[in-house]
Amino acid sequence: MIMILALTVLFVTVPKFTFELVSYFENFETEEDQVVELGFDSYKDLLEFFEKIGYDLGKKEVPAVILKNLPKDMNQIKDVQLKKDLFVKIMLPIILKVNEEIKQEREKIMKLTNDSQELQHYLAKYKAKTKQELLEKVDVIPVEIALAQAAIESAWGTSRFAIEANNIFGEWTFSPGNGVVPRERPDDEVYEVRRFRDLLSSMRSYAYNLNVSPFYKEFRAIRAGKIKKPIEEGLLYYSQRREKYIQEIKIIMTNNKFTELKEHKAYPIQIALISGMSLIK
């Protein structure tokens, strides 16, 4: 059943796009999370759609429009600033949604008793030994960090892996056949760039990775206030470029004023009377 959202947007004509209901099952989870996703083949159609619904990054609230994938012609956008703005508009609602899911999970965990079976479930999911360690892991990803890494790892949504595999954050897999083989991969390597079924899955995997992997223990400690330093410095092991990668994150965040977006909220939106809409079952 399609999720009915709160704000109605009425207009006569919009670009052709698909309207899809998907169900996502998180690792170790049994409950179903239903999400309405939109898909556009052309960035021009997407720009027109965003204009019609009044999507403006200058406002503190953005429409909760979740795109299934990137337009296939993102790399044809010649205007650099236009490309950046469109990419941020695509990614921001996805980041906010995943952070909201994490917040709800965290609030749920805080109410659980130490002898709760459900607590044991979350301890296993997040590879934590105590409730205190668990709460340090189950926390939101700063919006400015997620946007900067998404921009770097996907070349602002234009990379082959972002477009073909919905892989926004450059995650690898070592299971042959589950990803896309990089053209420059050495002959003796087996890794592939992981393939995701949609952008939301990529964001969820990225957030889980930062919240669980031992490589980002310092990131989580900074986030929890245990270490006083810029949080991006906890991502030293995300890239083989180490310090140069951290510097690039800082430059991207500063030059694109991503910290101004960290307080933005997503508001629900009901899409109604859209011509050219098709429901995929």
Side-chain angles (χ1 to χ4, degrees), residues 14-18 37-98 141-171 180 182-184 193-196 198-203 206 232 235 238-239 241 244-262 264 266 269:
V14 298
K16 183 179 180 181
F17 66 94
T18 59
E37 294 181 320
L38 303 179
F40 293 81
D41 288 332
S42 168
Y43 77 87
K44 293 179 182 179
D45 288 346
L46 179 58
L47 284 171
E48 186 176 347
F49 174 73
F50 280 162
E51 182 179 355
K52 285 183 178 295
I53 64 173
Y55 192 163
D56 182 358
L57 289 172
K59 299 176 181 178
K60 289 294 183 181
E61 290 188 332
V62 298
V65 175
I66 305 298
L67 259 64
K68 182 177 178 61
N69 43 44
L70 294 163
K72 297 184 184 302
D73 57 355
M74 279 287 288
N75 55 10
Q76 295 179 20
I77 304 176
K78 304 302 182 183
D79 186 319
V80 174
Q81 193 57 54
L82 177 65
K83 176 177 64 179
K84 288 182 175 183
D85 288 346
L86 181 59
F87 180 71
V88 171
K89 284 183 175 181
I90 291 169
M91 288 305 302
L92 186 55
I94 294 172
I95 294 168
L96 293 176
K97 173 168 178 51
V98 172
I141 309 301
V143 169
E144 62 272 28
I145 292 290
L147 284 173
Q149 287 198 271
I152 293 169
E153 299 295 338
S154 74
W156 295 95
T158 65
S159 75
R160 171 193 171 204
F161 305 118
I163 293 174
E164 290 183 14
N166 294 318
N167 190 321
I168 297 297
F169 297 96
E171 292 191 73
V180 179
R183 296 189 181 99
E184 69 280 7
V193 176
R194 187 175 172 187
R195 186 184 297 277
F196 292 96
D198 52 30
L199 300 178
L200 191 56
S201 298
S202 179
M203 178 60 201
Y206 158 78
E232 61 269 17
L235 298 171
Y238 200 93
S239 168
R241 292 186 290 134
K244 290 183 179 180
Y245 183 73
I246 301 304
Q247 188 61 29
E248 185 175 5
I249 291 176
K250 292 180 178 181
I251 291 171
I252 292 290
M253 286 195 300
T254 300
N255 289 354
N256 296 280
K257 301 179 180 179
F258 281 166
T259 54
E260 295 181 6
L261 302 174
K262 65 182 181 179
H264 278 49
I269 179 170

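Positions are given from 1 along the sequence.
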key: Donor-acceptor pair, side chain of D73 and main chain of Y43, under 3.5 angstrom   = yes

Any L47 side-chain heavy atom under 4.5 Å of L86 side chain = yes

inquiry  = Restricting to non-hydrogen atoms, name the atom on L67 and the atom on I94 that form the minimum distance, rounded to 0.1 Å.
reply    = O-CD1, 4.0 Å

inquiry  = Tell me whether K59 at atom NZ has more than 12 heavy atoms from other residues, nucleotides or ligands lying less than 6.0 Å away.
reply    = no

request  = With rounding to the nearest 0.5 Å, note down the distance linking CG in N69 to CG in L199.
outcome  = 6.0 Å

query = Say you draw a straight line from CZ of F49 to NZ of K89; how long is it, rounded to the nearest 0.5 Å?
reply = 11.5 Å

ask   = Can any side-chain N or O of N167 pair as donor or acceptor with the backbone N or O of F161 at less than 3.5 Å?
value = no

request  = Kindly give the heavy-atom pair with the smallest separation between M74 and G157, and that separation in Å.
outcome  = CB-O, 3.5 Å

ask   = How far apart are the closest heavy atoms of L200 and E37, and which atoms are they?
value = CB-OE2, 4.0 Å

ask   = Going from CD1 on I251 to NZ on K244, what distance comes out if it is rounded to the nearest 0.5 angstrom?
value = 12.0 Å

inquiry  = Looking at K250, I want to see if its NZ is surrounded by more than 12 non-hydrogen atoms of other residues, nucleotides or ligands under 6.0 Å.
reply    = yes

inquiry  = Would you say Y206 and Q149 are linked by a side-chain donor-acceptor pair, where the criterion is simply a distance under 3.5 Å?
reply    = yes

query = Is a side-chain donor or acceptor of S202 paired with a backbone partner of I168 at a separation under 3.5 angstrom?
reply = yes

Within-4.5 Å side-chain heavy-atom neighbours: F258 and V88 = yes

note = Closest non-hydrogen atoms of A266 and A64, given as atom of the first, atom of the second and distance, are CB-CB, 4.1 Å

key: Shortest non-hydrogen contact between P63 and P93, atoms and distance   = O-CG, 3.6 Å

key: Residue pair K68 / N166: nearest heavy atoms and the distance that separates them   = O-OD1, 3.9 Å

ask   = Does the side chain of P71 reach to within under 4.5 Å of the side chain of S42, using non-hydrogen atoms?
value = no

ask   = Do any N or O atoms from the side chain of E232 and from the backbone of I145 form a donor-acceptor pair under 3.5 angstrom?
value = no

ask   = Taking the side chain as C-beta and beyond, is there a heavy-atom pair between E248 and R241 under 4.5 Å?
value = yes

key: Check: D56 side chain, G58 main-chain N or O, donor-acceptor pair, under 3.5 Å   = yes

request  = Flag the pair K84 / F87 as yes when at least one side-chain heavy-atom distance between them is below 4.5 Å, and no otherwise.
outcome  = no

request  = Assess whether side-chain contact (heavy atoms from CB on, under 4.5 Å) is satisfied between V98 and I141, documenting all intermediate values.
outcome  = CA-CA 9 Å; V98 172; I141 309 301; over 6 Å; no

Qualifying residue, where the test is side-chain contact (heavy atoms from CB on, under 4.5 Å) with V65 and the options are L46, L92, I53, I90 = I53

key: Atom pair CG/CZ of L70 and F40 - distance to nearest 0.5 Å   = 12.5 Å

task = Look only at the side chain of K97 and the backbone of I66, and say whether a donor-acceptor pair between them is shorter than 3.5 Å.
result = no

ask   = How about I77 and W156: do any of their side-chain heavy atoms sit closer than 4.5 Å?
value = no

inquiry  = For the CD atom of E260 and the NZ atom of K262, what is their distance to the nearest 0.5 Å?
reply    = 10.5 Å

inquiry  = Rounded to the nearest 0.5 Å, what separates atom CG in L235 from atom CD1 in I249?
reply    = 5.0 Å

